[in-house]
A.B. asks: 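Sharing a structure, written as structure tokens. Questions coming.
Letters A, B, ... mirror the listed sequences (proteins, then strands); counts begin at 1.
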Amino acid sequence: MTRRSRIFVHAFTAALLVLLYAGASGQAELRIDITGGNVAPMPIAIPALAGDGPNAQTGRDIATVVSADLERSGLFRPLDPHSFIENVSASNAQPRFPDWRQINAQALVTGAVNAQSDGRLRVEFRLWDVFAEQQLAGYSYTTTQQNWRRIAHIIADEIYKRITGEEGYFDTRVVYVAETGPQDKRIKRLAIMDQDGANNRILTDGRALVLTPRFSPTAQEITYLSYGSGAPRVYLFNIDTGQQEVIGDFPGMTFAPRFSPDGNRVILSQAENGVSNLFTLDLRTRRATRLTDSEAIDTSPCFSPDGSKVVFNSDRGGSQQLYVMNADGSDVKRISFGSGKYGTPVWSPRGDLIAFTKIDGGSFFIGVMRPDGSGERLLTRDFLVEGPTWAPNGRVLMYFRQTPSDSRGYGGSSRLFSIDLTGSNQREVITPQDASDPAWSPLLR
Amino acid sequence: MHKALSFAIGALLLLSACSSPEQPSPGGPQATGGPGGPGGFGARRGAPGSQQELEASAGDRVFFAFDQSDISPEGRETLARQADWLRRYPNVTVTVEGHCDERGTREYNLALGERRAQAVKNVLVAMGIPASRISTISYGKERPAVVGSTEEAYAQNRRGVTVVN
């Protein structure tokens with residue numbers, strides 16, 4: 001095992017957030033209403049942030065990352081920089097709004113990158129309403145040179161928040177399983193990347209089969225399944241140290257782990273003698289508490305964001321369906337009643353919905369329903385789609401899609417996709433290798 | 001004499017496996033290429049007490065219906081032969097692997113694979129093999145025996161495999 005593989009996660013040392021200038025208070029409403037279905041993306045101009053010398057390149061790079069984040073959300077349409085009339089040179093100057101109105105930009109981002117005497121970067125940006133000729137937001141950030149991508153994601157989050165009224169999700173990471181090799185001898189490794197696919201890193205060496213990684217609420221630890229000790233067991237992986245350890249002292253197999261919202265416990269399944277039941281494991285005392293005692297398969301448990309409830313799937317009623325119970329295991333209620341089988345329920349960070357995998361009529365679906373089981377909506381259907389995970393704002397889901405394979409092993413590729421809660425804006429999340437079992441981190445700050 | 005006889009039994013079993021309606025076709029141990037490799041059925045008997053010998057003389061696996069863990073009558077016959085074989089080698093211990101096809105969710109299939117492995121173990125124990133000689137492990141849908149997204153492949157992948165430790 002790579003007990004001490006060096007994982008570089010730079011502590012984010014930014015001194016953050018100096019409010020540059022509060023925009024005129026709340027009446028100017030440049031706003032995207034994202035409660036509906038297909039919205040027309042808002043045209044936004046994001047010229048390179050101004051900067052001298054090497055900072056000019058950083059300013060261009062930041063603008064590129066901000067544009068890509070906003071474009072991928074499906075809610076914004078960054079305009080081609082070649083169409084820009086005004087050459088913005090300083091972020092504090094009032095833009096020439098008619099120049100931006102002429103190219104139909106509704107919003108404009110200006111900013112600057114400066115190196116401080118200590119070598120750190122000072123990045124500032126302002127968001128403008130082109131038609132109202134008002135500043136909507138303005139912040140500056142100070143950080144190390146290598147953190148420029150995170151600054152870009154934080155800026156994109158601020159823009160998203162100011163215009164949609166909801167928290168962003170760009171300053172996040174995704175942990176997943178990177179896959180290589182033939183279908184019957186698949187090599188699987190834990191991998192982590194920024195939400196946009198940058199900074200992809202492989203975390204485990206592939207000697208042990210690993211599955212289903214999930215972030216802790218601080219995004220510093222991952223709980224996952226590994227065959228590293230021979231038998232399948234739930235492990236913890238510390239991202240800072242690279243340390244891997246088995247958790248819990250259970251007979252039989254442990255699997256399907258997820259953190260509790262406070263990060264102090266892991267909820268998991270334990271299988272023995274043909275039945276699988278749910279337990280929580282306190283990470284401080286290492287004490288296990290049984291939640292279910294059925295003769296069935298109870299698995300894929302997930303806490304509600306307030307920690308008061310657990311959703312899971314069980315075949316106790318004869319087929320695989322979703323159930324909700326209190327966090328102490330009491331008051332179990334079935335919530336899925338549609339046709340087919342339901343699995344991998346995941347509670348939205350907003351608490352209002354539960355995403356799931358559904359198998360019906362030979363197809364797989366990703367869908368959502370309310371925690372009482374009402375309002376089921378299927379977002380996507382394919383040969384095999386599985387394992388939804390929520391962006392921290394509860395607006396976007398990621399999952400994996402596997403294509404059919406033939407008898408010679410061709411096909412069978414597995415890739416990550418994201419989709420809006422409305423079912424629109426389905427996109428592949430580009431990974432260097434095949435990928436499965438994605439899990440989205442909370443916002444990093 | 002003994003050797004020739006058991007070879008004849010092995011050949012007979014192959015025939016019955018192929019003709020059985022419940023066995024996935026093209027069924028039988030040679031299609032699955034376990035540790036014994038794809039060699040001829042009687043050609044590689046393997047050392048006494050070895051995996052190859054288990055495969056040749058008893059068959060190393062049983063198959064399951066979709067989302068089920070019941071042992072079929074044919075599977076029970078295979079396990080009876082495995083039990084006979086295990087009685088011949090009282091020092092041999094085995095691990096029963098439970099496997100699933102790809103048409104289920106990953107975590108549910110891990111649990112289903114464990115249930116299948118346990119079902120095989122329970123039958124062997126009922127046939128008199130000490131539970132202490134049999135451990136179980138589930139691979140869910142992670143290790144298909146046959147590649148391909150076809151019903152034929154799925155039928156061969158829903159299996160319990162007895163592996164000599």
A.B. asks: Can we say Glu142(B) and Lys188(A) salt-bridge, meaning some charged N sits less than 4.0 Å from an Asp/Glu carboxylate O?
C.D. replies: yes
A.B. asks: Which atoms of Tyr227(A) come close to chain B, meaning under 4.5 Å heavy atom to heavy atom: side chain ones, backbone ones, both, or neither?
C.D. replies: side chain
A.B. asks: Would you mind telling me which of Gln320(A), Met253(A), Gln183(A) has the largest number of heavy-atom pairs within less than 4.5 Å of chain B?
C.D. replies: Gln320(A)
A.B. asks: Which one of Thr357(A), Asp437(A), Thr299(A) has the most heavy-atom pairs closer than 4.5 Å to chain B?
C.D. replies: Asp437(A)
A.B. asks: Tell me, out of Ile297(A), Thr344(A), Asp184(A), who's got the most heavy-atom pairs with chain B below 4.5 Å.
C.D. replies: Ile297(A)
A.B. asks: Counting only non-hydrogen atoms closer than 4.5 Å, does Ile137(B) touch chain A with its backbone (N, CA, C, O), its side chain (CB onward), both, or neither?
C.D. replies: side chain
A.B. asks: Select one option (side chain, backbone, both, neither) describing which atoms of Glu107(B) are under 4.5 Å from chain A's heavy atoms.
C.D. replies: both
A.B. asks: Taking distance alone, no hydrogens or angles, what donor-acceptor pairs closer than 3.5 Å link side-chain atoms of residues 62-69 of chain B to residues at least two apart or in another chain?
C.D. replies:
from, atom 1, to, atom 2, distance (Å)
Asp67(B), OD1, Tyr108(B), OH, 2.9
Asp67(B), OD2, Lys341(A), NZ, 3.3

A.B. asks: Could you look at Ala111(B) and say if it's the side chain, the backbone, both or neither that has a heavy atom under 4.5 Å from chain A?
C.D. replies: both
A.B. asks: With no hydrogens and no angle check, do the side chains of Ser319(A) and Gln321(A) hold a donor and an acceptor under 3.5 Å apart?
C.D. replies: yes
A.B. asks: Can you give me the closest heavy-atom contact between Asn277(A) and Ser294(A), atom names plus distance?
C.D. replies: OD1-N, 2.7 Å
A.B. asks: May I ask you to name which of Gly343(A), Gly362(A), Ser300(A), Ser276(A) has the most heavy-atom pairs under 4.5 Å with chain B?
C.D. replies: Ser300(A)
A.B. asks: Under 6.0 Å between the ring centres of Phe279(A) and Phe250(A)?
C.D. replies: yes
A.B. asks: For Phe383(A), does the six-membered ring have the charged nitrogen or CZ of Arg103(B) within the cation-pi criterion, i.e. under 6.0 angstrom from the centroid and within 45° of the normal?
C.D. replies: yes
A.B. asks: Could you tell me whether Asp84(B) and Arg87(B) have a side-chain N and a carboxylate O separated by less than 4.0 Å?
C.D. replies: yes
A.B. asks: Under 4.5 Å heavy-atom distance to chain B, tell me which part of Phe312(A) shows up: side chain, backbone, both or neither.
C.D. replies: neither
A.B. asks: With respect to chain A, which residue among Ser138(B), Ala119(B), Gly98(B), Gly148(B) yields the maximal number of heavy-atom pairs within a distance under 4.5 Å?
C.D. replies: Gly148(B)
A.B. asks: Quick one: what part of Asn313(A) sits under 4.5 Å from any heavy atom of chain B, side chain, backbone, both or neither?
C.D. replies: side chain
A.B. asks: Not counting sequence neighbours, which residues clear side-chain hydrogen bond (donor to acceptor under 3.5 Å, both in side chains) with Asp434(A)? List them please.
C.D. replies: Arg186(A), Arg415(A)
A.B. asks: Top residue by heavy-atom pair count (under 4.5 Å) with chain B, among Gly274(A), Gly387(A), Gly230(A)?
C.D. replies: Gly274(A)
